[in-house]
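Keep in mind the model is a prediction, meaning the values are calculated, not measured.
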Amino acid sequence: MHFSIPETESRSSDSGAQYLAYNIHVNGVLHCRVRYSQLLGLHEQLKKEYGNNVVPAFPPKKLFTLTPAEVEQRREQLEKYMQAVRQDPVLGASETFNSFLRHSQQETQQIPTEEVQLEVFLSNGQKVKVSILTSDQTEDVLEAVTSKLDLPEDLIGYFSLYLIKDTSDGSFSFVRKLQEFELPYVSLTSLRSRENKIILRKSYWDSSYDEDVMENRVGLNLLYAQAVSDVERGWVQVTKEQHRQLKSLQEKVSKKEFIQLAQTLKYYGYIKFEPCITDFPEKGCHVIVSAGNNELNFQVKLPNEQMKEGSFKVTRMRCWRVTSSMPFSNGSGSPNETEVRLELAFEYLMSKDRLQWITISSPQAIMMSICLQSMVDELMVKKSGGSIKKLLRKRQSYLRRSDSQQAVKSPPLLDSPDSSREPIVKLSSKLSSVSLRGISTSNSTGDMSADDFHGNYAFEGIGDDDL
């Protein structure tokens, strides 16, 4: 997640007093507005819990009214502070930090705490309606959905909630994985768009983990619905013969066999991003990037119209960073999301002694970064002999709902494959089992917000055989 404070805003309190608000954006979209005193209160609480040596420095108080130059300086300092806290594996995952952001989000959007019905979609379009509180955090909503589906508790960690946006071709694109610092109902409502929805999908990359999930009836149904949906949308590449075999298995309702065949297909377990621009192999090339199988796959259209395909293994990326250029708004307090320029750059080991930076310009650059990090997370968990199973932390205040359980419907039979449709793929996202180190660095002069810089622990294990 990319945190920034692109602008300040003069606002009035309930008493009519004027104050300066700092607009905190996540991935270029307004998350909340906070005052300096609120951020100072957060800082003091973090210091109390974790000590001065852990918590980054906070911009000091001023005795007199700030000049415009001092306001801008404080904005930059607060932005760097929030990024440093978020990137710290302890502070960024702390309940103190995340509850502050959740409360601030709800307060900013002025949504009272009350019980509501929330629709969460499955991959096959089926709706799951759950009764939640507007103040319920992501894990509460996830647990409510999986509980209604009767998914066992030890399998909840294999699934996540994602924010998606419908596209004009009848498909959808992923916006982000819903995070622990946000309230799903508030996040969805604040977008004020019917095109946005919340969807439940599996949250891991390694298809071997499918075996764990398929041991359970509900888990099998969820994976089956997702596999059928991905094939039907053309997100997984299939030949006519493979499609015939898949359709035959679907007619027999051979769900496990359908998934096992799908696992052998190209781009199974990938996410395919919207077309964007790269500087590899030369500047200005149009590219379709896919993430999966511990790599970024490039389908590049060269200036001479020739198509080239290649892959970049995550284990050969020494590091990567995300940069953003975010213009100030004209008093609206919320810049247009489409105006935010995002780039993902990674340093790749092209040969044994040669590293090269490769840049992708895409509105989904942060999502790409999250995919890379989650791939490394899984690799490190597997290397350490650990498991990706993660039981949700139980909040004492969480109340189980009495909703009746809902079955996962079987999808309709596959249509004939459309040869004109390009294969896309599905999303998995960040696991919290292992976190990468985050290093905040300064941007180029044209950028308003600092880089998100990620070192890659998986890179350290590369040997000659990997090259």
Side-chain angles (χ1 to χ4, degrees), residues 2 4 6 27-28 167 173-176 266-267 270-328 335-373 375-376 422-425 427 438-456 458-459 462 467:
H2 187 74
S4 62
N27 292 6
T167 55
S173 62
F174 289 92
V175 178
R176 68 176 185 273
K266 191 173 184 179
Y267 300 126
Y270 283 65
I271 170 175
K272 186 175 180 182
F273 298 97
E274 299 295 322
C276 52
I277 303 296
T278 182
D279 63 357
F280 184 88
E282 54 187 286
K283 288 185 178 181
C285 287
H286 293 264
V287 62
I288 295 176
V289 180
S290 301
N293 193 29
N294 298 324
E295 67 181 22
L296 287 183
N297 177 271
F298 276 30
Q299 296 179 49
V300 181
K301 186 176 183 180
L302 301 177
N304 62 4
E305 301 298 313
Q306 185 180 7
M307 295 296 297
K308 292 286 187 180
E309 181 175 353
S311 295
F312 299 92
K313 295 291 184 183
V314 69
T315 49
R316 292 174 64 172
M317 297 178 187
R318 191 183 72 87
C319 58
W320 66 87
R321 64 170 180 251
V322 175
T323 58
S324 67
S325 300
M326 194 174 300
F328 287 98
N336 190 325
E337 185 179 356
T338 60
E339 293 179 336
V340 181
R341 177 184 172 87
L342 293 171
E343 289 186 345
L344 170 72
F346 57 90
E347 192 175 25
Y348 195 74
L349 189 63
M350 305 298 291
S351 60
K352 188 172 183 179
D353 300 313
R354 185 169 70 92
L355 287 160
Q356 177 178 336
W357 280 98
I358 297 171
T359 302
I360 305 166
S361 298
S362 168
Q364 295 177 296
I366 295 168
M367 179 68 75
M368 295 178 190
S369 174
I370 292 173
C371 291
L372 291 176
Q373 183 163 343
M375 288 178 193
V376 172
E422 297 184 50
I424 304 184
V425 209
L427 172 74
I439 308 168
S440 179
T441 63
S442 61
N443 249 9
S444 61
T445 55
D447 290 332
M448 303 303 258
S449 139
D451 294 354
D452 283 341
F453 191 94
H454 302 269
N456 182 1
F459 180 84
I462 291 179
L467 300 175

Which residues share a side-chain contact (heavy atoms from CB on, under 4.5 Å) with Pro275, sequence neighbours left out: Ile288
Tell me every residue that passes ring pair (Phe, Tyr, Trp, His ring centres under 6.0 Å) with Phe312, counting only those two or more places apart in sequence or in another chain. Phe280, Phe298, Phe346, Tyr348
From CE (Met317) to CG (Asn294), nearest 0.5 Å: 10.0 Å
Could you measure the distance from the CD atom of Gln299 to the NE2 atom of His286? Nearest 0.5 Å is fine. 15.0 Å
When rounded to the nearest 0.5 angstrom, what is the spacing between CG in Leu296 and CE in Met375? 6.0 Å
Partners passing side-chain hydrogen bond (donor to acceptor under 3.5 Å, both in side chains) against Glu343 (at least two apart in sequence or in another chain): Arg341, Ser361
Taking only residues two or more places apart in sequence or in another chain, which ones pass side-chain hydrogen bond (donor to acceptor under 3.5 Å, both in side chains) with Lys301? Glu305
Name all pairs fulfilling the salt bridge (charged side-chain N to carboxylate O under 4.0 Å, His left out) condition that reach into residues 354-367, sequence neighbours left out, sorted by first residue then second. none
Do Glu282 and Pro303 come within less than 4.5 Å of each other through their side chains, counting heavy atoms only? yes
Give me the atom names and distance for the closest heavy-atom approach of Ser173 to Gln364. CB-NE2, 4.4 Å
Got a donor-acceptor contact below 3.5 angstrom from the Asn304 side chain to the Gln306 backbone? yes
Please name all residues satisfying side-chain hydrogen bond (donor to acceptor under 3.5 Å, both in side chains) with Asn297, sequence neighbours left out, ordered by chain then number. Glu309, Ser311
Is the backbone of Ala345 close enough, under 3.5 Å, to the side chain of Arg321 for a donor and an acceptor to pair up by distance? no
In short, Asn293 meets Lys313 closest at the heavy-atom pair O-NZ, 4.0 Å
Met350 CE to Ile358 CD1 distance, which is reported to the nearest 0.5 Å: 5.0 Å
Can any side-chain N or O of Arg176 pair as donor or acceptor with the backbone N or O of Met367 at less than 3.5 Å? no
For the side chain to side chain contact (heavy atoms under 4.5 Å, CB included) test, which of Thr323, Val289, Thr359, Val322 pairs with Leu344? Val322
Between Leu342 and Ser362, does a side-chain contact (heavy atoms from CB on, under 4.5 Å) hold up when you go through it step by step? CA-CA 6 Å; Leu342 293 171; Ser362 168; over 6 Å; no
Testing the basics here: between Cys276 and Ile360, what is the closest heavy-atom pair and its distance to 0.1 Å? SG-CG2, 3.6 Å
If I compare all heavy atoms of Phe273 with all of Cys371, which pair ends up nearest, and what's the gap? CZ-SG, 4.0 Å
Got Pro363 and Glu274 here, is their nearest side-chain heavy-atom distance under 4.5 Å? no
